[in-house]
Structures are given as C-alpha cells and as structure tokens.
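FYI, side chains are in, hydrogens and waters are out, and symmetry mates aren't considered; it's all heavy atoms of this structure. Since the structure is predicted, the reported quantities are computational estimates derived from the model, not experimental observations. Numbers here simply count residues along the sequence, with the first being 1.
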Amino acid sequence: MQGSKYAERMPIGLEDVIRGANGALVRGLYARLYRPSQMAAVIVGDFESATALVAMLEEEFGSEPPLVGLEREALMAPPVPVPVPVHAVPRISTFEDTEATSCEVLIECKQAKAEPTSTADSLRKYILTNLFADLLNQRFYALSKRDDAPFFAASAGNQLPCRSLESYTLTASTPEGAVIRALRTLLEEVERVRRFGWSEREIAVVKANYLTELKTSYIERNQFDSGELARECCGHFLSGEILLGIEMEVRASKAILEQVSGAELQNMSSNWNWQSSCVIKIVMPKRRCGSIAPSEPVLRAVLEDVLRGTAELVPWKAESSRQSLRELFAADPAPGGRVLSREADDVAGFEKLTLSNGLTLLIKQTQLQHDELLIGGFSRGGLSELPSSAYYTGALCDLIATESGAFGCSPRELTEILAGVSVAVSTEHSMYQRRFWAECSPRDLESCLQLLHLLFTTRRHPTRPALKQIKQLLMEGVINQQRDPHAQWRERVTSVNTCGHPCFRKPTLWDVRSVDPLKACALFDASFSSPGQFTLVVVGSIDMRGRMQTCPECRGPAALSANPTPLARQGLWGPAEPKSGARAAPSGLCAIYRRPSYV
C-alpha cells in the first residue's frame, strides 16, 4: 500500500486525535453520518408480512428531517476510491518477532478491481477463481505430504484489501530453515501451471467437488441459515456482491461449470503476476542467538531465478491409480449379523436395534437438514487405561494413524477417490472412550459405510514422511509455544490446577521424541478391531428401516464380545511384535446396508 493513504493512516487512529476529541465533535459526526438516509435495513426471517415491517420502519424512522443543500450533496455523493500506486519492482519485507509462533510465507499480487460488466460475467469469474484456487491447493496438499516437504501447509486464494483493489495470494506455513524452499516451491508451482496447465483428472476432481457443494445447496435451499443470507444481502448492498437466490445461482453455476475448459483455468494463472505490484512477506520467530531470516537479496534472487525460467519443470504427475474405495478392501465384507431385538422410544423418537454380532444401533430420523446424515460410534475404554509413560503415544495415535493411512491409503489419495462424494470420517481417543464420527449426504451412505468398514479392517503402518512431518510440526510447536507469554501463563495455571497431571499438561520436547509410532498404530488397530464393541448412533434425513437386512450367520471379529478388553491388557506395550497384513473382514458395517436401486 506504499504511496497511498492506506499506508499513512493508522486503522485505529492516532493517540493525539483520540485524546483531543470532544463530545461536541463526536455528536456532530453521529448526527451527520448515522442517519436512516445513509443506512439499509436487511430483514431475514419467518415473518408474516413484509408490508407491515416496512410500515413499522417508516413509523420509527420517517420523522427524520431531510438534509438539504450542500450538506445533502456531500453525503449523497458516491465514495471516491483511494488510488493505490502500481509498482513494477516486487517489494520484499521480512519481519521477525520474539512472540511469533510459526514461520509464514505470503506472496500477494495486487491489481485494480475490475468493474463487473454483467452478473453472468461476475459469476463466471467467481467460479473460475475458486476452481483455480482449488486446483492449486490440491497440488499444495500433495506436496505437503511428500518426504522432505518444504511446508506444513500452503494455500492459494484471493481477497479485497480495499474498495479499489483486489489481490491474489499464496501462503505457506513452513519449518524453520525451509523458508527459501517454500518460496521457490510456491512460485514454481504457478509457473508449472503457466507452462503445462492442468490434467483432465485434476479438473474432474475439483469440478466433482464443486458440483457436490451445489447439490447440497439446492437440496437444503429452504433450510438456508438466515444470518448467512443477511450477510449476503449486506455484501450486495455495500460492495455489489452477486445475489441471485439459491435456485438461480445453482442452475447458472452448473451451466457455467460445464462450459469451463482447461485452457481457461490455465489462463487464470495470469492473476499471479510477479512483475506487477507483487509483494513478498516473511514472518518468522526471532531467536535470541541472532537472526536466521533470509536477507532481501537472497529472496529477490529466488524470484528472479524463477522469472528467468531456469528451473527444469515437468508436467504434474498423478500419484494415484485407485478409482474407488472397493479397491482398498482386503476381502469382501462378511454377512452382517441378524437383528435380535428392536425397541422403540416414542419420547425420544429413536429406535434401538441389537444385532447378533454385538453391535447396538440407535436410529433417529429427522428433517432438520435434508442433505445431512450423522453417524457416531463410541465404546468404553480410552487413554486412562494406558500407563503414564505411554500417554502421549496414545494421545497421538489418531493423528499418526490418519496421516499414515487410517483407511488403507494415504490422505492425499483418499481425497481423489472421494471426489464428488460428500462424506467425512474422523476418530478420537478420549480418557474413557474411543469414538468415530461420520458425516455424509444420504445419497453417499454406501461410501460412508465403506470407509467405516475400512476403519475396522485396515492394518496401519507408520510411514516415514508422515512421521517426520508430524514430529517436526509438534517439536516446532513446542518451541514456539515457549516464546508465547500467554501460552506460558495458561500452561502454568493449568499445571497448578491439575497438579501437573500428564493428561492435562502440554507435551515437552522429550514427550514428542519418546512417541513410539509402531505402538501408536497398534493401539489404533486395537481400538477399532471389533464393531461389536461399539454403540452406533445414526441421526439424519434417511429411513434406515428399509436399508437394514438380516443374516443367519455371524462371522469375523465383529462376533467378539461386546465387552471391550482394556487397551492396556492387549500386549501393546510388551515385547510382542505387531502382526503384519490386513485383518479378516468383520461382519461389516457395509453388510448391514442394502444398496438402493437409485445409487
């Protein structure tokens, strides 16, 4: 913003101006600017008559005397945009702070905000910008999971820093010492797109995900949050944001999405122009022993090297060959257990089913959200059963197993397999329970149950890239928290209140180094070894009665007793080596689902 008023004026004001203000000045400002003629009322909700609301507003605010003459002209004149000078030479800024808790790299490319020519053009630009960001973020996510990754996470996006300006950004959170590599990687990935574009597979994945979001918006169009709709109306009034209504926006977006080509998406890379109003900002923790921040000449040399095109870039190569979850199955699901009993609770409105394999199902059908189905499973037995020396290994077992492939493949590969599928599954170990959570669209219930089947049948093995990144992230987090005085104060208060109990204190560097990844994965496998130990709760917009089937057989690990074996007694901390290979398929969560004819 150098050279404009934005760089000269403090957003919160100056101390001498604030101290010199008086009541008459404040009241005069309020009377001149805070008038109904300068406001817009946005009312969203379940009201009977818009006419009655308008009449009430007129009665409350209609008595205000109108402004006349020069005062009216001054207030009614459109706001004058504040110009921001363009600069051809990239600006580089490095900032070190003793209380900074991470290393951040930010690349920002500014340009004058283009005035919309039509609603269709504005919507098309909005969709193209989002698709390009999703495509770039997809590659950044894959790079972050590789061995010796230059950053923990990175993203692309755009924003409106002021009325006359829009900017396109790249951000990355990096390990200490990897700032140069992270900067080069961000720049080179955009250059790779400029030269080679996107693959058909990449475009198909982001389009499928975008269509899934449109489907959900359309299905739940009558359940749209009033607050979100009010914010959209305010954005339309203040800055001209698109406001079409959900039905028309979904139809128009779907039509535009079908017309978007790979060449159009490749040309969107021109918004990230390193030679026009580009700013590179580095934020790093400041060490007491001296600065470790790269100098401006070094950062500028990296940028100029990328601009010269000396890097040997090749087209992006896909790393996944699987197309469906079924390819991850070690064996076909065994038949599900038969229903032994049904109990209906008319007060709570749910039905309880007990299967012969020990699984308990609680089902409640609702219409709160038409495109939402929630599944939760819990079983007794958690981290409190582990010895104190193994607590942090157990506390990190969910993270280690997930990053190593909790469902039989890497997280990056799973995102491609689930393209266009609205489903998410997560796990959690608490002090006294272990749980899994799933959220999906009713149309994707089969995929959700396949993931749960894989959760109970996959044998996890920690991978080197995942372990290296997890430990590095945790260790830098511990070091950076020690620089934050607020974090130190909270940790001290917690320690006093809990007498330094290991379950409540933050991990130390020794705790992170002592984590055993093999035992963490073994604990995770033991926790999710038998569905029969879990109580399953299903809530959402679906009739599960027509999806259940019975079977006279009950085979596999799901036939184990519903009484969980304490985790500390399963030999996880002894000398025994974990067994290799996939476990036998339990009488599955997939097997209780009858595939509907419309899927």
Side-chain angles (χ1 to χ4, degrees), residues 101-105 137-155 171-179 181-182 185 285 319 382-383 386 389-415 424-430 434-437 454-455 458-484 487 491 502-503 505-528 567 572-573 578:
T101 57
S102 62
C103 295
E104 304 290 336
V105 178
N137 291 337
Q138 190 172 265
R139 287 192 179 180
F140 288 156
Y141 181 72
L143 289 170
S144 71
K145 300 303 177 184
R146 290 182 179 177
D147 194 7
D148 200 27
F151 43 69
F152 297 125
S155 65
T171 59
S173 177
T174 77
E176 286 192 15
V179 169
R181 289 196 301 120
T185 301
E319 302 178 9
L383 300 178
L386 302 179
S389 59
Y391 175 78
Y392 287 107
T393 295
L396 292 175
C397 73
D398 293 288
L399 178 61
I400 293 174
T402 298
E403 292 298 319
S404 300
F407 304 99
C409 64
S410 67
R412 176 199 53 76
E413 189 176 6
L414 187 63
T415 58
V425 178
S426 61
T427 61
E428 178 189 8
H429 282 73
S430 64
R434 49 195 187 272
R435 312 183 187 96
F436 62 83
W437 307 100
L454 291 169
L455 176 65
T458 302
R459 176 70 67 182
R460 289 90 188 168
H461 299 281
T463 61
R464 182 178 178 273
L467 289 176
K468 181 179 178 181
Q469 189 178 58
I470 289 172
K471 285 204 171 186
Q472 187 174 19
L473 181 62
L474 291 174
M475 291 178 70
E476 290 200 8
V478 172
I479 294 172
N480 292 331
Q481 287 294 320
Q482 294 173 355
R483 302 189 181 107
D484 186 353
E491 176 65 16
C503 298
R505 66 175 174 84
K506 296 291 184 181
T508 63
L509 290 176
W510 174 255
D511 294 325
V512 175
R513 292 192 183 101
S514 63
V515 169
D516 188 329
L518 288 175
K519 290 183 178 179
C521 288
L523 172 65
F524 191 90
D525 290 342
S527 297
F528 300 100
L567 301 180
L572 299 180
W573 314 110

Parallel, tilted or perpendicular: rings of F528 and H429 (30°, 60°): perpendicular

F407 vs V425 side-chain heavy atoms within contact, under 4.5 Å: yes

4.5 Å side-chain heavy-atom contact, Y392 and V512: no

side-chain hydrogen bond (donor to acceptor under 3.5 Å, both in side chains) involving S155 - partner list, sequence neighbours excluded: T171

S527 versus R434, closest heavy-atom pair with distance: O-NE, 2.8 Å

Salt bridge (charged side-chain N to carboxylate O under 4.0 Å, His left out) partners of E491, counting only residues at least two apart: none

Residues that D398 engages under salt bridge (charged side-chain N to carboxylate O under 4.0 Å, His left out), provided they are two or more places apart: none

E403: partners by side-chain hydrogen bond (donor to acceptor under 3.5 Å, both in side chains), with sequence neighbours left out: K145

E104 and S102 side chains, donor-acceptor separation under 3.5 Å: yes

CG-CD1 distance between L518 and I400, expressed to the nearest 0.5 angstrom: 9.5 Å

Polar side-chain atom of R460 near backbone of A406 as donor-acceptor pair, under 3.5 Å: yes

Heavy-atom closest pair, residues Y141 and P411: OH-CB, 3.1 Å

Pairwise distance CZ(R412) to CZ(R146) - rounded to 0.5 angstrom: 8.0 Å

R505: salt bridge (charged side-chain N to carboxylate O under 4.0 Å, His left out) partners, not counting sequence neighbours: D511

Heavy-atom side-chain proximity of L523 to L386 below 4.5 angstrom: yes

Heavy-atom side-chain contact between F140 and T185 under 4.5 Å: no

Distance, nearest 0.5 Å, that separates NZ of K519 from SG of C397: 14.0 Å

pair C103-P285: side-chain heavy atoms closer than 4.5 Å: yes

Nearest atoms (heavy-atom pairs only) where L467 meets P462: CD1-CB, 3.5 Å

From T402 atom OG1 to L396 atom CG, the distance as rounded to the nearest 0.5 Å: 11.0 Å

Heavy-atom side-chain proximity of S144 to F152 below 4.5 angstrom: no

Which atom of T463 lies closest to which atom of A466, heavy atoms considered: OG1-CB, 3.1 Å

Value rounded to 0.5 Å, distance of OG1 in T427 from CH2 in W437: 11.5 Å

Residue pairs passing the salt bridge (Lys or Arg N to Asp or Glu O under 4.0 Å) test where at least one lies in residues 464-481, sequence neighbours excluded: D147-R464, D148-K468

Gap separating the CG atom of L455 from the CG atom of D525, nearest 0.5 angstrom: 9.5 Å

Which atom of T174 lies closest to which atom of A182, heavy atoms considered: CG2-CB, 3.3 Å

